[in-house]
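Contents: one structure, followed by commentary.
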Amino acid sequence: MNILKKYRGLFLLMGISGLWWACTPQQPAGGDHYSGQLFEYSHNFETHWSSPENMHAEKGGGGKENMGAKGRAFFPLGPGESVVLLDTDGPGIVNRMWITVRDRSPEMLRSLRLEMFWDHADNPAVSVPFGDFFGVGLGRTAVFKNALFANPEGRSFNCFIPMPFKTGAKIVVTNDSDQPLSHIFFDVNFQKIKKWEDQYLYFHARWNRDTATTVGKDFELLPSVTGKGRFLGVNVGVNDNPAYGDMWWGEGEVKIYLDGDDQHPTLVGTGTEDYIGTGWGQDQFFNDYAGCLIADDKNRQWSFYRFHLPDPVFFDKDCKVTLQQMGGNPRANVQKLIDNGVALLPVTIDDGGSLIHLMKEGGNIPLTDPSLPDGWTNFYRSDDVSATAYFYLDQPSGNTREPAPLALRTWNLKSGQ
């Protein structure tokens, strides 16, 4: 018998197991988070769900309304109102969240605010627009599935990021709009564990937006955070500035500053589309670790993500992640923009095999210099950029910022029509 046929079942099982391991945010070894074989029993954790049918996730406490029939599957959420999705004491780990809402317009997805509090902290570790948190940049829904999030048919929001807590967890959604939300359905699946391990980290997320980035200044995907932790990744939304026409906007490189990096970072990519694993432009696609969910040439909008699961990014002291605001086009077209007074700063020209540097200490070389070739010209530009960064820290509420104002979240939204 051919050895490949003889052991093909084993090879298949090993492949599936390896894929599961690669796609799952791993917990530190030795903890109480269950990571054994599917057929193994464990005494170390206790499973609970928080939902409208069992708000306190109590043992034997679910489905009590309406004589055990479907009694309270959802809540309405009026303007300014909040609903607590989870409020429990620890230790434990949130494993999965599923939510769907009746109004999935860009305005509502940006107006809903999702907050998470660990260990009874006064300040949230997460305070971000609802839609953006679930991987839907620019407030626009999309059908996708990756290693951390899923929206199977564009009507629901799933998160699979493990979120440990030592003494308690609270998850809240607030309607910051002036419009009522008639329905919010949810369940938060978590496990109580018997012992907290010192190497466990607390999940955090931060949202940031600049509606008109400064020419020559990198946009902060993750503003500087301090402590010991892990950068999980980011989803980014871009509203292309119409002043540049249909010129390519994504030449900017992602930079990750780690543990005292000052002027220069430790980790640097080669371009925006390169960062998410594609090249020579950016169209719609998605996979486990990277993708572009919106590539809308008509509305000049792009939304994309990258998760550092197979290539973990740890830090001991601090971390900052930035994205250069840079585009590109042939030299003559870029010069026309300059002649028309459009704000930009030429950086390099590709002569077909090397990059000619235009930025010099004594003064930049103008594109009108007759010695320059007529090649692809990269230039700093200004666009409307937003980002949700995901990371772990060794503290439950450090590096917290005030929630972004509603006006900033909802300005210049587009439905994609």
Side-chain angles (χ1 to χ4, degrees), residues 22-27 93-97 99 109 113-118 123-138 142 144-151 157-165 169 171 188 200-209 219-237 254-258 267 275-277 286-293 303-315 318-323 385-401 403-404:
C23 293
T24 304
Q26 299 301 316
Q27 297 294 327
I93 302 175
V94 174
N95 295 307
R96 172 186 177 268
M97 292 191 297
I99 307 175
L109 294 182
R113 173 166 39 98
L114 177 65
E115 294 187 311
M116 302 180 187
F117 301 80
W118 311 124
N123 297 317
V126 175
S127 183
V128 300
F130 176 87
D132 291 73
F133 175 84
F134 285 96
V136 185
L138 304 169
F144 72 97
K145 178 186 181 299
N146 58 44
L148 300 183
F149 299 97
N151 196 333
F157 305 88
N158 295 266
C159 174
F160 310 108
I161 301 175
M163 305 176 189
F165 51 93
I171 300 177
V188 179
Y200 284 178
L201 300 172
Y202 295 93
F203 174 73
H204 292 246
R206 179 174 289 180
W207 186 81
N208 190 30
R209 184 183 188 183
F219 174 78
E220 293 185 338
L221 299 175
L222 174 61
S224 182
V225 296
T226 57
K228 181 181 295 184
R230 175 179 179 178
F231 174 58
L232 280 183
V234 64
N235 81 69
V236 184
V254 170
K255 302 178 180 180
I256 302 180
Y257 298 78
L258 300 171
L267 308 178
Y275 178 64
I276 63 172
F286 62 87
N287 59 39
D288 285 333
Y289 310 123
C292 179
L293 300 180
S303 178
F304 50 96
Y305 65 92
R306 163 79 181 273
F307 301 138
H308 295 273
L309 273 63
D311 57 329
V313 178
F314 294 102
F315 52 93
D318 54 74
C319 179
K320 182 176 74 172
V321 185
T322 67
L323 174 62
V385 186
S386 57
T388 306
Y390 311 95
F391 56 103
Y392 286 109
L393 276 180
D394 59 355
Q395 49 197 292
S397 62
N399 302 279
T400 302
R401 285 186 170 184

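Excluded from the calculations below are hydrogen atoms, water molecules and symmetry mates; all remaining heavy atoms, backbone and side chain alike, are included. We number each residue from 1, following the sequence as shown.
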Between Asn208 and Glu220 (side chain of the first, backbone of the second, donor and acceptor by atom type, cut-off under 3.5 Å), is there such a pair? yes
Donor-acceptor pair, side chain of Asn235 and main chain of Asp132, under 3.5 angstrom: yes
side-chain contact (heavy atoms from CB on, under 4.5 Å) evaluation trace for Val225 with Phe315: CA-CA 10 Å; Val225 296; Phe315 52 93; 4.2 Å; yes
Where [X] and [Y] come nearest, the two heavy atoms and their spacing:
| X | Y | result |
| --- | --- | --- |
| Leu222 | Cys319 | CD2-SG, 4.2 Å |
| Phe165 | Trp118 | CB-CE3, 4.0 Å |
| Asn151 | Ala142 | CB-O, 3.3 Å |
| Asp288 | Asn146 | O-CB, 3.4 Å |
| Phe231 | Gly233 | CE1-O, 3.4 Å |
| Ala290 | Ile276 | CB-O, 3.1 Å |

With sequence neighbours left out, what residues match Phe134 under ring-ring contact (aromatic ring centres under 6.0 Å, His included)? Phe130, Phe157
What class does the angle between the rings of Phe203 and Phe133 fall in, given that below 30° is parallel, 30 to 60° is tilted and above 60° is perpendicular? perpendicular
Evaluate the ring planes of Phe149 and Tyr390, with Trp represented by its six-membered ring, and classify them as parallel (under 30°), tilted (30 to 60°) or perpendicular (over 60°). tilted
Quick one: are [X] and [Y] in side-chain contact, heavy atoms under 4.5 Å?
| X | Y | answer |
| --- | --- | --- |
| Met116 | Pro124 | no |
| Tyr200 | Pro162 | no |
| Leu258 | Leu267 | yes |

Applying side-chain contact (heavy atoms from CB on, under 4.5 Å), run through Asp311 and Tyr289 and close with a yes or a no. CA-CA 10 Å; Asp311 57 329; Tyr289 310 123; over 6 Å; no
With rounding to the nearest 0.5 angstrom, report the [atom1] to [atom2] distance, [X] to [Y].
| X | Y | atom1 | atom2 | value |
| --- | --- | --- | --- | --- |
| Leu201 | Met163 | CG | CE | 13.5 Å |
| Ile256 | Lys320 | CD1 | NZ | 12.5 Å |
| Ser386 | Phe219 | OG | CZ | 6.5 Å |
| Glu115 | Asn123 | CD | CG | 9.5 Å |
| Arg96 | Phe160 | CZ | CZ | 6.0 Å |
| Leu114 | Ile171 | CG | CD1 | 7.0 Å |

Do Val94 and Val188 pass the side-chain contact (heavy atoms from CB on, under 4.5 Å) test, and can you show the C-alpha distance, the side-chain angles, and the key distance before you say yes or no? CA-CA 7 Å; Val94 174; Val188 179; 3.9 Å; yes
Determine whether the aromatic ring centres of Tyr275 and His308 lie less than 6.0 Å apart. yes
